[in-house]
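Step one of this worksheet: look at the structure below.
Bear in mind that the values here come from a model prediction, so they are computed numbers and not experimental data.
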Amino acid sequence: MGREDARVAADSLSSCAEARAGTLLAASPWIFGFADETANVWVPHLVVGLAAIFLGLTTKQQGGYSYRQSGTSTPTVTTR
């Protein structure tokens, strides 16, 4: 595993952790029992949690993964 592969793996784990933390934050009013309070107490938890889930799932990772080995060219197809 090269340096770039490790960075991409760390980025994807970070996004996964962000989505999981967002899930916990969005569900926290019901988990911890303060969903019955006024909306100004639980709505921010829900909104920020849903935003974290969205960002965690839609963030494009820098670099990405390529099945080609580095230094090789893409094969070209010739037609007659």
Subject >> Atom of Ser15, atom of Gly56 and distance for their closest heavy-atom approach >> reply: CB-O, 3.4 Å
**OP:** Identify whether Leu24 and Leu46 are in the same connected component of the hydrophobic contact network (ILVMFWY, side-chain heavy atoms under 4.5 Å).
**Re:** yes
Subject >> Leu55-Ile53 co-clustered via ILVMFWY side chain contacts under 4.5 Å >> reply: no
**OP:** Heavy atoms only: give me the nearest His45-Pro29 pair and the separation to one decimal.
**Re:** CB-CG, 4.0 Å
Original post:
Hey, quick one: are Val43 and Trp30 part of the same hydrophobic cluster, counting side-chain heavy atoms closer than 4.5 Å, chains of contacts allowed?
Top reply: yes
Original post:
Are any of the side-chain heavy atoms of Leu50 and Leu25 separated by less than 4.5 Å?
Top reply: no
Original post:
Just wondering, more than 12 heavy atoms not from Phe34 lying within 6.0 Å of its CZ?
Top reply: yes
Subject >> Heavy-atom closest contact (Pro44 atom, Ala39 atom, distance) >> reply: CD-O, 3.8 Å
Original post:
Does Trp42 share a hydrophobic cluster with Val48, counting links as ILVMFWY side-chain heavy atoms below 4.5 Å and allowing steps through other members?
Top reply: no
